[in-house]
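Comments concern the structure below.
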Amino acid sequence: MRGFILFAILVIAHAHSSIATLVIKGPDKPVLENDEVTLECLLSDSELNTSQVHFEKFSKYMNKWYRLEEEPIYRRCIPGVILRREASQLLLSIRSIHSYFHQGLYRCVADNATAPDNSSQPLAITINYMRELSVYDVSSSSRKFIKENLLVKLGDDMEVECSTTASEAPQYFWQKYGEDWIVPSSKLRLKNVRMEDGGDYTCMAKHPTLSSLKRSSTISITVLPATNSRLNQAWYNSTNLVLMTSVAGAVLLVLILSITVFLVRRAKQAKSTKGPIDDHSQKKPIYTASVESLASTSGDKQPLV
C-alpha cells in the first residue's frame with residue numbers, strides 16, 4: 001500500500017514538472033498615468049511556444065477573467081494595446097496607460113493545460129494619477145466654482161475649498177502670495193475679512209507617496225468696501241463689461257478698416273488695367289476731292305480771254 005502511494009506521488013510530481021511554468025512580469029517602478037508599460041509572459045519550458053499562451057485581464061464589473069486578443073475589436077474597447085509574440089515570451093504593450101481602461105489584474109494562461117496549473121500568478125497593475133484642481137466658494141449653502149477672481153465684502157466671513165481626484169487621497173495646502181504661512185488643509189477660512197486680506201491665494205495638492213504628482217491652482221480675492229458694497233460690486237462688474245465691450249469694438253473697427261482698404265486697392269487695380277481711350281477710332285473719316293475730279297466737273301465751262 002505504501003508503495004502504491006509513493007508511486008502515485010511520483011506520477012503527480014512528474015505530471016507537474018512536465019507542465020511549463022508561466023511567469024508574468026511588469027514594470028519595476030511606480031506607474032504614472034500616460035506612461036508606456038510592457039508586460040512579459042515568460043515560459044520555463046522551451047518546448048512550449050508562445051502560440052499556446054495568451055494574456056487575460058480580470059474585469060471587476062463582470063467579475064471574471066477575459067482573454068485579450070489581437071483583433072481590432074479588442075483595441076477599440078481598450079485603446080493603445082499591442083500584443084507581440086516572440087520565441088520564448090509574449091509581450092503586451094500599452095502605449096499610454098490610463099486608470100479607467102488598464103488598471104487591474106493580469107495573468108498568463110496556457111491553452112494546453114488544465115486549471116489551476118495553466119496560469120501564472122496574477123499581476124496587479126496600479127496606476128498613480130492626480131487630476132486638475134478645482135476651487136469652490138463654500139461660504140454659503142451653495143457651492144460655487146471659482147474660475148479666477150472672488151469678490152468679498154469687507155467684514156464678511158469667507159471660506160473656499162479646493163479638491164481633486166487622485167489614486168490616493170492627496171495632501172492639501174493653502175498659501176498667500178508674499179506671505180510665509182501655510183495652511184495644511186483643503187479649506188481656507190477668513191473671518192471678518194479686512195482690506196489687507198485681498199491678494200492671490202494658491203492651493204497645492206500633493207500625492208502622499210509620489211512627490212512628482214502634484215497640482216496647484218491660484219485665485220485672486222478682491223475685498224470690496226463695506227459702504228455701498230452692492231454699488232461697488234455692480235461697478236466692478238460693469239467695468240469688466242465695458243472693458244470687454246471696448247476690446248470687441250476695437251477689433252471690429254480694425255476689421256472694417258482692413259476690408260475698406262482692401263476694396264479700395266482692388267478698385268484701383270481694376271481701373272488701371274483698362275488703358276487709355278482711343279479718340280481717333282471715334283472720329284469720322286474726311287473725304288477729299290482730287291484735282292482730276294474737280295476738273296471733270298468744270299470741263300464745260302469756257303476759259304476767260
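Because the structure is a prediction, the values reported are computed rather than measured. All residue numbers refer to positions in the sequence shown, counting from 1.
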For Glu36, the side-chain contact (heavy atoms from CB on, under 4.5 Å) test, sequence neighbours excluded, returns none
Considering residues, nucleotides and ligands other than Lys214, do more than 12 of their heavy atoms fall under 6.0 Å from its NZ? no
Apart from Tyr172 itself, what residues make up its hydrophobic cluster when side-chain heavy atoms of I, L, V, M, F, W and Y under 4.5 Å apart count as a link, directly or indirectly? Leu133
Members sharing Ile221's hydrophobic cluster, built from side-chain contacts under 4.5 Å between Ile, Leu, Val, Met, Phe, Trp and Tyr, are Val135, Ile146, Leu150, Val152, Leu154, Met158, Val160, Trp174, Trp181, Val183, Leu188, Leu190, Val193, Met195, Tyr201, Ile219, Val223
Results of ring pair (Phe, Tyr, Trp, His ring centres under 6.0 Å) for Phe145 - residues two or more places apart only: Tyr136
Sub-3.5 Å donor-acceptor pair from the side chain of Asp35 to the main-chain atoms of Val37, do we have one? no
Tell me if a side-chain donor or acceptor on Lys57 pairs with a main-chain N or O of Gln103 at a distance below 3.5 Å. yes
With clusters built from Ile, Leu, Val, Met, Phe, Trp and Tyr whose side-chain heavy atoms come within less than 4.5 Å, directly or transitively, what are the remaining members of the cluster of Leu252, listed by chain and number? Ile256
Should the pair Arg107-Glu56 be classified as a salt bridge under the 4.0 Å nitrogen-to-oxygen rule? yes
Distance col, row Leu92:CG vs Phe55:CZ, nearest 0.5 angstrom, shows 5.0 Å
If you draw the axis of the six-membered ring of Phe173, does the NZ or CZ of Lys206 fall within 45° of it and under 6.0 Å from the ring centre? yes
Suppose we screen for side-chain hydrogen bond (donor to acceptor under 3.5 Å, both in side chains). Which residues come up paired with Asp157, at least two apart in sequence or across chains? none
